[in-house]
Amino acid sequence: MEENSNTENLSMVLSLVASGLTIAMFFSPWKTISDVIVRKSVGSLSWSPFFWTFLNCTLWVSYGFLTNTLPVLVVNSFGVVASIYFLANYYLYCPLAERSNLTSTLLKGIVGVVAVWSFLKWFSEPENRPIHLGLIASVVCLIMFSSPLGKIDQVVRARSTEGMIFSLSLMSVCSALAWTLYGLTISDPFVYGPNSIATIVSMVQLALFYIYPARPVEKQVADV
């Protein structure tokens, strides 16, 4: 009985820590975007992490509504707000050609979310909807954590992590690790599975900052 109580207390503490770290992760690019606004240029910064954060959080907010899970709903609502703010400012200060690409990708993402909602409403049995949505959201979550690695070829060629955001990679490791530990305490593979992979992916990103540090002389917009 006492052991169960200790496990529940540990789970509660870990869920609070994980929630706090996740909100911090969502807002970690704030300084980078502030630099974008001041310089009126996105430099070598990519919009990909902001787009995938928006998509990921929108799906998890939907999951929170569907399952009536308040922590999931609240935490990811912060992510939706933060990613919209970052995307809007990126759009304002990126080159015109980049705007077209970003707009097209955003529209595809919104269509994708609507398609998921339609599938759940018309083709998924009510009792299966949380599982279906949870699986889809988990896949998108992994893509979100991996998205900064989309610049890995550029990083290796330039031997510099300019264009990547150190604070985002650091907070990604902390957040994913906290959710992995939380998932293990409640024995939920849908929590510890994707987050354990996300922890490894985020650690690879951090390793890139050590191997290929950004050159201060050529530093542009990315927060390194």
Side-chain angles (χ1 to χ4, degrees), residues 1-31 49-86 113 116-117 120 124 126-149 165-206:
M1 216 35 202
E2 186 180 343
E3 187 179 343
N4 287 341
S5 173
N6 289 338
T7 305
E8 285 174 11
N9 290 337
L10 178 60
S11 298
M12 185 180 296
V13 169
L14 284 173
S15 71
L16 290 172
V17 169
S19 297
L21 287 171
T22 304
I23 292 172
M25 178 189 74
F26 290 148
F27 284 95
S28 59
W30 189 274
K31 183 182 181 300
F50 309 136
F51 166 74
W52 286 108
T53 298
F54 169 72
L55 216 57
N56 171 72
C57 293
T58 302
L59 289 172
W60 283 111
V61 165
S62 305
Y63 183 85
F65 270 119
L66 185 64
T67 59
N68 198 26
T69 311
L70 191 60
V72 172
L73 178 60
V74 171
V75 168
N76 286 283
S77 295
F78 280 102
V80 171
V81 172
S83 56
I84 288 175
Y85 174 77
F86 297 147
V113 170
V116 169
W117 290 341
L120 293 172
S124 179
E127 63 274 13
N128 292 329
R129 285 173 189 167
I131 297 173
H132 292 155
L133 182 53
L135 285 171
I136 295 168
S138 294
V139 170
V140 173
C141 179
L142 285 175
I143 297 174
M144 177 192 75
F145 277 105
S146 308
S147 59
L149 291 178
I165 306 173
F166 176 77
S167 56
L168 179 59
S169 298
L170 177 62
M171 293 311 302
S172 294
V173 171
C174 297
S175 170
L177 183 58
W179 283 115
T180 299
L181 295 174
Y182 172 70
L184 288 171
T185 62
I186 61 171
S187 303
D188 188 338
F190 284 105
V191 176
Y192 67 72
N195 281 289
S196 58
I197 299 172
T199 302
I200 295 168
V201 169
S202 301
M203 284 178 171
V204 171
Q205 293 170 36
L206 276 184

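For clarity, every value in this text was computed on a predicted model and none was experimentally measured.
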Within the distance-only criterion (no hydrogens, no angle test), does the side chain of Arg129 pair as donor or acceptor with the backbone N or O of Ser124 below 3.5 angstrom?
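Checking the backbone N and O of Ser124 against the side chain of Arg129, a donor-acceptor pair under 3.5 Å is found.
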
State the [atom1]-[atom2] distance between [X] and [Y], to the nearest 0.5 angstrom.
X: Ser147; Y: Ile143; atom1: OG; atom2: CD1; result: 9.0 Å
X: Leu168; Y: Ser28; atom1: CG; atom2: OG; result: 4.5 Å
X: Ile165; Y: Gln205; atom1: CD1; atom2: CD; result: 10.5 Å
X: Leu181; Y: Leu10; atom1: CG; atom2: CG; result: 8.5 Å
X: Phe145; Y: Ser172; atom1: CZ; atom2: OG; result: 5.5 Å

For Val72, which residues count as a side chain to side chain contact (heavy atoms under 4.5 Å, CB included) partner, sequence neighbours excluded?
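Side chain to side chain contact (heavy atoms under 4.5 Å, CB included) check on Val72 returns Trp60, Tyr63, Thr69, Asn76.
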
Sole residue of Ile136, Val140, Thr58 in side-chain contact (heavy atoms from CB on, under 4.5 Å) with Val113
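It is Thr58; the other options fail the test.
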
Classify the ring geometry of Phe86 against Phe27: parallel below 30°, tilted from 30° to 60°, perpendicular beyond 60°.
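Plane angle over 60°, so perpendicular.
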
How would you list, by chain and number, every residue that makes a side chain to side chain donor-acceptor pair (under 3.5 Å) with Thr22, sequence neighbours excluded?
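For Thr22 the side chain to side chain donor-acceptor pair (under 3.5 Å) partners, ignoring immediate neighbours, are Ser175, Trp179.
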
If a pair satisfies side-chain hydrogen bond (donor to acceptor under 3.5 Å, both in side chains) and one of its residues is in residues 188-202, list it, with sequence neighbours excluded.
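Not a single pair qualifies under side-chain hydrogen bond (donor to acceptor under 3.5 Å, both in side chains).
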
Is there side-chain contact between Met144 and Leu55, with heavy atoms separated by less than 4.5 Å?
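No, every pair of side-chain atoms sits at 4.5 Å or beyond.
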
